[in-house]
Amino acid sequence: MSGRARGPFAFSLRGILWLASFAYRFAIWRRNRKFDHDSRAIVDCGVPVISVGNLTTGGTGKTPVVCLLAKYIRDRGIRVALVSRGYGRGESDHNDEAEELHQRLPDVPHLQDPDRVASANIAVEELGSQVILMDDGFQHRRLARKLDLVVVDATCPFGFGHLLPRGLLREPVSGLRRADAVLISRCDQVETETLDEIEAVLSKHNQDAPVLRSIHAPLGLLDDVGKTQPIEDVRGRRVIAFCGIGNPDAFRRTVESTGATVVEMKSFPDHAEYDRERIESLAAWARSAPDIDYVVCTHKDLVKIRRDRLGGVALRAVMIEMKVEDLGPLLPLIDAVLP
């Protein structure tokens, strides 16, 4: 997808994926046209809905944004609930993201169902929620929303410039015209010139939406029972890292920003399952790694592993906090839709 792979096979595969993306483009065009022209296709749940979404697949950093907004609304004394699709949930009641959000926001209900309208109605009618935060909702247009916040990952902002399956775009970049605000995440991992180029593209498609810059700041180290220790504990230490998220390279850069030396790293598909075989393999990897002090992963991975050690080495999740350069342009938009 990135175009880095060379040779006739890679070239041919990109061609096939590019042709397949035309069918995807037509499906997206048809679906958006329905919501643009048929108001009956959009369902109002009776309370304000704030959507946090993105243009691409993979991890753009929506979870810290959802936490930030949920805390802001909750601290205003307003009952807020989260609704999401629950991707990767399988037969469980919730997935890894739900478990992570529950640990971060234990007093905020989180409902997972592919039918976000049904979840929102339950939140309003049975839980008395006054505001709905819809995670990953930019393309889920059936549920009416008052505010659309789009998160763009600075390290891969526009999905290599192509729609799925040739690239990572879930819809054309022109879809940004529906956004009320755009938040660029991981700004500390790219050059200022790159950020300026991203903002130029955003302005081309939506001149009215304010653009905010943010970073994913390492906050601390978390163990399997919820105890935290200072992030400085890994500074100067040798670690091995693994993750099952959409943007593993960004996680590695985050770990390296703590001052730790990443000796080796393994990445798994987004929402990866950690069965006994995989955990034993990770433990064997930890035992064989030379002179390491920690095994580190994401919070989303740790909630599924639930272990304090791997191969005799301390296992810790790197806790991430979203730090926005200037929330000023966004807060009035949020306040305007709150009850």
Could you tell me whether a side-chain N or O of [X] sits under 3.5 Å from a main-chain N or O of [Y], the two making a donor and an acceptor?
X      : Y      : value
Ser21  : Leu164 : no
Gln130 : Arg79  : yes
Asn206 : Ala179 : yes
Thr258 : Val255 : yes
Arg252 : Ala241 : no
Arg85  : His140 : no
Arg278 : Glu273 : yes
Thr254 : Ala250 : yes
Arg235 : Gly259 : no

Is there a side-chain contact between [X] and [Y], using heavy atoms and a 4.5 Å cut-off?
X      : Y      : answer
Ile334 : Leu147 : yes
Glu99  : Arg306 : yes
Arg166 : Tyr24  : no
Val234 : Val318 : no
Tyr72  : Asp335 : yes
Ile305 : Phe242 : yes
Asp135 : Leu82  : no
Cys45  : Glu125 : no

Apply side-chain contact (heavy atoms from CB on, under 4.5 Å) to residues Leu105 and Arg74 and explain how you reach the verdict.
CA-CA 10 Å; Leu105 302 165; Arg74 179 197 62 189; 4.0 Å; yes

So that I can tick it off, tell me whether [Y] and [X] are bridged by a salt bridge, with the cut-off set at under 4.0 angstrom between side-chain N and carboxylate O.
X      : Y      : value
Asp196 : Arg213 : yes
Arg141 : Glu171 : no
Arg316 : Asp308 : yes
Asp136 : Arg170 : yes
Asp180 : Lys146 : no

How long is the straight-line distance from [atom2] of [Y] back to [atom1] of [X], given to the nearest 0.5 Å?
X      : Y      : atom1 : atom2 : answer
Ser2   : Leu168 : OG    : CG    : 9.0 Å
Ile42  : Phe35  : CD1   : CZ    : 6.5 Å
Ile240 : Ser288 : CD1   : OG    : 7.0 Å
Arg116 : Leu143 : CZ    : CG    : 8.5 Å
Met319 : Ile231 : CE    : CD1   : 10.0 Å
Ser51  : Leu133 : OG    : CG    : 9.0 Å

If every non-hydrogen atom of [X] is compared with every non-hydrogen atom of [Y], which pair is closest and at what distance?
X      : Y      : value
Val150 : Asn54  : CG1-CA, 4.0 Å
Ser119 : Leu111 : O-CD2, 3.6 Å
Arg237 : Tyr294 : NH1-CE1, 4.2 Å
Met322 : Pro64  : CB-CB, 3.7 Å
Arg287 : Gly311 : CG-O, 3.3 Å
Asp301 : Cys243 : OD2-CA, 3.2 Å

Going hydrophobic residue to hydrophobic residue with side-chain gaps under 4.5 angstrom, can you get from [X] over to [Y]?
X      : Y      : result
Ile73  : Leu212 : yes
Phe251 : Leu222 : no
Leu183 : Leu202 : no
Leu101 : Val80  : yes
Leu338 : Val52  : yes

Determine whether Phe160 and Thr56 satisfy the following criterion, side-chain contact (heavy atoms from CB on, under 4.5 Å), listing intermediate values before the conclusion.
CA-CA 10 Å; Phe160 306 122; Thr56 61; over 6 Å; no

With side-chain contact (heavy atoms from CB on, under 4.5 Å) as the criterion, how do Arg307 and Asp224 come out once you've worked through the C-alpha distance, each side chain's angles and the decisive distance to 0.1 Å?
CA-CA 6 Å; Arg307 292 195 179 192; Asp224 66 316; 5.5 Å; no

Neighbour count above 12 (heavy atom, 6.0 Å) for His205 NE2
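For His205, atom NE2 is crowded (more than 12 foreign heavy atoms under 6.0 Å).
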
Does the side chain to side chain donor-acceptor pair (under 3.5 Å) test come out yes or no for Asn247 and Thr155, once each step is laid out?
CA-CA 9 Å; Asn247 192 338; Thr155 65; 3.0 Å; yes

Run the side-chain contact (heavy atoms from CB on, under 4.5 Å) check on Ile50 and Val337 step by step: do they pass?
CA-CA 8 Å; Ile50 299 174; Val337 304; 4.0 Å; yes

Do we see a donor-acceptor contact under 3.5 Å between the side chains of His110 and Ser84?
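Ser84 and His110 do have a side-chain donor-acceptor pair below 3.5 Å.
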
Could you walk me through whether Asp270 and Lys300 pass the salt bridge (charged side-chain N to carboxylate O under 4.0 Å, His left out) check?
CA-CA 10 Å; Asp270 198 11; Lys300 195 165 75 167; 2.9 Å; yes

Under the salt bridge (charged side-chain N to carboxylate O under 4.0 Å, His left out) test against Asp153, which residue among Arg253, Lys62, Arg186 passes?
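Among Arg253, Lys62, Arg186, the one that satisfies the salt bridge (charged side-chain N to carboxylate O under 4.0 Å, His left out) with Asp153 is Arg186.
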
